[in-house]
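I have placed the structure first, in the form of C-alpha cells, so that the comments after it can refer back to it.
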Amino acid sequence: MKYDYLIVGAGLFGAVFAHEAKKKGRKCLVVEKRQHIGGNIYCEDIHGIQVHKYGAHIFHTSNREVWDYVNQFAEFNHYINSPVARYKEELYNLPFNMNTFSRMWGIFTPQEAKDIIAGQIADLNITEPKNLEEQALSLVGRDVYEKLIKGYTEKQWGRDCRDLPAFIIKRLPLRFTYDNNYFNDRYQGIPVEGYTRLAEALLEGTTVRLGTDYLQHRQELDELAEKVIYTGMIDGFYDYSLGVLEYRSVRFETEELETENYQGNAVVNYTEREVPYTRIIEHKHFAFGKQPTTVISREYSSEWKKGDEPYYPVNDERNNALYRRYREMADREKRVIFGGRLGSYQYYDMDKVIAAALELCAAEL
Ligand code: FAD
Ligand code: UDP
C-alpha cells in the first residue's frame, strides 16, 4: 500500500479532505475522471473572464468556521447575488420581496402586499402544503406563482409543480422588505482569483491523476491505498444494482459576445414556459469585470441519462427510498467512505460540502 487514502473526485469535498489529511501527515492519491480539478466549481478563463463551466456558483454561508476556512485559501469579493426575472415584457426583482410585489401590484407597503396575497389564497384553505404548488401559493399568492414560479419550476424540473416536493422552493427567501439579496446568509462573495485557484490551493502538494475513472480501474486503484474516500455517484459505485437514482442535468450554451455589457446583471431568469432556457448567466458581473467583450451562458434543463452530468438530485419519495437502500450498503463498507453531493444524493451548497468534509476529517484523521 503506497497511500493511506485514495480519494475519488477532485471536487470540493475531495480537495478539503486531501488538504486536511496531508496536514496530518497522511499520504493521499486523488483520481479525477475529468481533465481538471475542482469538480463543479471549476472555472475557465476566457479573455480574463472567469466562466463558471458547470453553472454559476456564489459562495454564501452563515457558518463562521467554514467562512474562515475558505478565506485561508482565497480572497473573496463583495458580490451579492440579486437576480432578476423576466416574464414576457415584465421584469421583477428576486427573491420575492417588496420590490417584486410593488412592481407586480403597484403597491408600496408590506401590509398591502400581505393583504393581496391573503386575498388570493383565501379560498384555497391550504394548512399543510403537500407539494411545491401549494407551498408557493401559500407563500406568495397566485400572481407571483403564475408569473415567476410555475413556468420556471416546470422547465427546471421537467415535472408538474404538484408532483414536486415543497422543500425545493423553501430555500428561497421571502421578505416583506425592499431587499434584493438572494441569500439570507451572513457571508457571501466570489473568489477574486476564481474558484479553480481555490481548488489548486487545497490540492497543493497532493498527487492528482486526471482523466482517471475509478470505476474503470477499481481493482488496481484499490490496491494502492488503505481506504477510499468516494465522492462519485453512490448508485454508480454499485453498478446501479438496485436501480438508477434520477437527476436533472443542464446543458450550457456558452458564447462570447463582442459587447461590453449584455444584460446588466449576472443572473437573469426567464420564468415563462415558452422560453426554452431557464436563465442567462453573464459571468463577468460576478467579478465586476470591465473587459471589452462578455461571455454568456444559456441554461437548458434536461432529464439526466447515463453519461450526462448529474446536477440536481430529484429528491422525491421514490428516489429517496432507493437512496436509503444504497446508503445501507454503503454504511456496511469497511474501507470505503462516501462523501460529497453525489455520494450522499443531496443538493448540497459549497459551504455544506466543506462542513461535511471537515466533519469527516475530525472523525477520521
Ligand atoms: P463535485 O463538485 O461534483 O465533485 C465530484 C468530483 O468527482 C467530480 O469532479 C467528478 O468528475 C469526480 N468523479 C465522480 N465519479 C468519479 C469516478 N468514478 N472516478 C473519478 N472521479 C469521479 N453551491 C453553492 O454554494 N452556491 C451556488 O451558487 C451553487 N450553484 C450550483 C449550481 C449548479 C448548477 C450545481 C449543480 C451546483 C451548485 N452548487 C452551488 C453546489 C456545488 O456545486 C457543490 O456543493 C460542490 O461542487 C460539491 O462538491 P463535491 O466535491 O461534493 O462534488
Ligand atoms: N424558482 C422559481 N423561479 C425563479 C427562481 C427559482 O420558481 O425565478 C424556484 C425553482 O423551483 C427552483 C427553486 O426555486 O428550482 C430553487 O431556486 P434556486 O435559485 O435555489 O435554484 P438553483 O440556483 O439551485 O438552480
Side-chain angles (χ1 to χ4, degrees), residues 10-13 15-16 19 36-85 93-95 97 99 171-173 175 177-204 252 254 256-257 259-269 279-297 299 341 348-355 357-358:
L12 208 42
F13 192 95
V16 167
H19 183 84
H36 59 74
I37 61 166
N40 285 350
I41 68 174
Y42 172 75
C43 291
E44 187 179 71
D45 186 313
I46 299 184
H47 296 139
I49 300 169
Q50 290 290 322
V51 175
H52 299 221
K53 288 285 279 188
Y54 301 93
H57 279 70
I58 300 111
F59 198 94
H60 57 97
T61 189
S62 293
N63 184 329
R64 178 69 192 262
E65 193 194 338
V66 167
W67 182 243
D68 289 344
Y69 187 81
V70 285
N71 273 273
Q72 298 174 76
F73 306 101
E75 185 191 341
F76 282 74
N77 70 14
H78 62 285
Y79 178 80
I80 298 285
N81 198 31
S82 317
V84 294
N93 286 110
L94 293 173
N97 72 82
N99 289 305
R171 65 172 182 249
L172 295 191
R175 296 190 194 106
T177 53
Y178 289 91
D179 176 359
N180 296 326
N181 185 345
Y182 203 58
F183 303 112
N184 283 327
D185 284 318
R186 173 74 179 79
Y187 310 103
Q188 188 171 167
I190 307 276
V192 174
E193 292 181 56
Y195 285 99
T196 310
R197 188 63 210 104
L198 168 65
E200 279 167 5
L202 283 163
L203 287 167
E204 209 176 292
F252 299 98
T254 297
E256 186 173 9
L257 304 174
T259 176
E260 192 223 323
N261 184 1
Y262 173 72
Q263 62 181 15
N265 206 30
V267 185
V268 179
N269 290 0
R279 57 187 177 194
I280 299 181
I281 304 298
E282 188 169 10
H283 300 268
K284 70 192 311 182
H285 294 309
F286 288 120
F288 314 103
K290 297 277 182 290
Q291 298 84 354
T293 63
T294 195
V295 179
I296 62 164
S297 299
E299 296 189 8
R341 62 178 194 104
Y348 266 151
D349 275 325
M350 292 178 274
D351 63 325
K352 303 289 181 308
V353 163
I354 293 171
L358 291 175

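The structure displayed is predicted, hence computed values, not measured ones. Both backbone and side-chain heavy atoms feed into the values below; hydrogens, waters and symmetry mates do not.
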Among side-chain atoms of [X] and [Y], is any donor-acceptor pair under 3.5 angstrom?
X      : Y      : result
His283 : Ser297 : yes
Arg175 : Asn181 : no
Asn184 : His60  : no
Thr61  : Asp351 : yes
Tyr69  : Asn71  : no

State the [atom1]-[atom2] distance between [X] and [Y], to the nearest 0.5 angstrom.
X      : Y      : atom1 : atom2 : answer
Ser62  : Gln188 : OG    : CD    : 10.0 Å
Ile37  : Leu203 : CD1   : CG    : 5.0 Å
Tyr182 : Asn93  : OH    : CG    : 12.5 Å
Tyr79  : Ile58  : OH    : CD1   : 5.0 Å
Tyr54  : Tyr42  : OH    : OH    : 7.5 Å
Asn81  : Leu94  : CG    : CG    : 9.5 Å

Minimum heavy-atom distance between [X] and [Y], given as atom pair plus value:
X      : Y      : answer
Ala199 : Gly38  : CB-CA, 3.8 Å
Glu260 : Lys284 : O-NZ, 2.6 Å
Asn261 : His285 : OD1-NE2, 3.0 Å
Asn269 : Arg279 : OD1-CB, 3.5 Å
Ala266 : Phe286 : CB-CE2, 3.6 Å
His57  : Ile41  : CD2-CG2, 3.8 Å

Of Asn180, Thr177, Asp179, which is the lone residue that meets side chain to side chain donor-acceptor pair (under 3.5 Å) with Asn99?
Asn180
Run Tyr195 and His52 through ring pair (Phe, Tyr, Trp, His ring centres under 6.0 Å) and show every step you take.
CA-CA 9 Å; Tyr195 285 99; His52 299 221; 5.7 Å; yes
Is it true that, when you exclude Gln291 itself, more than 12 heavy atoms of the residues, nucleotides or ligands shown sit nearer than 6.0 Å to its CD?
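Atom CD in Gln291 is packed in, count exceeds 12.
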Is the count of non-hydrogen atoms from other residues, nucleotides or ligands lying under 6.0 Å from Glu193 atom CD greater than 12?
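Not buried by this count: 12 neighbours or fewer within 6.0 Å.
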Applying salt bridge (charged side-chain N to carboxylate O under 4.0 Å, His left out), can you list everything that pairs with Glu282, at least two apart in sequence or on another chain?
none
Return all side-chain donor-acceptor pairs below 3.5 angstrom for residues 44-51, not counting sequence neighbours, or 'none' if the list is empty.
| residue | atom | partner | partner atom | Å |
| --- | --- | --- | --- | --- |
| Asp45 | OD1 | Gly48 | N | 2.9 |
| His47 | ND1 | Glu256 | OE1 | 3.2 |
| His47 | ND1 | Glu256 | OE2 | 2.7 |

Show your working on ring pair (Phe, Tyr, Trp, His ring centres under 6.0 Å) between Phe288 and His78 and close with a plain yes or no.
CA-CA 10 Å; Phe288 314 103; His78 62 285; 4.5 Å; yes
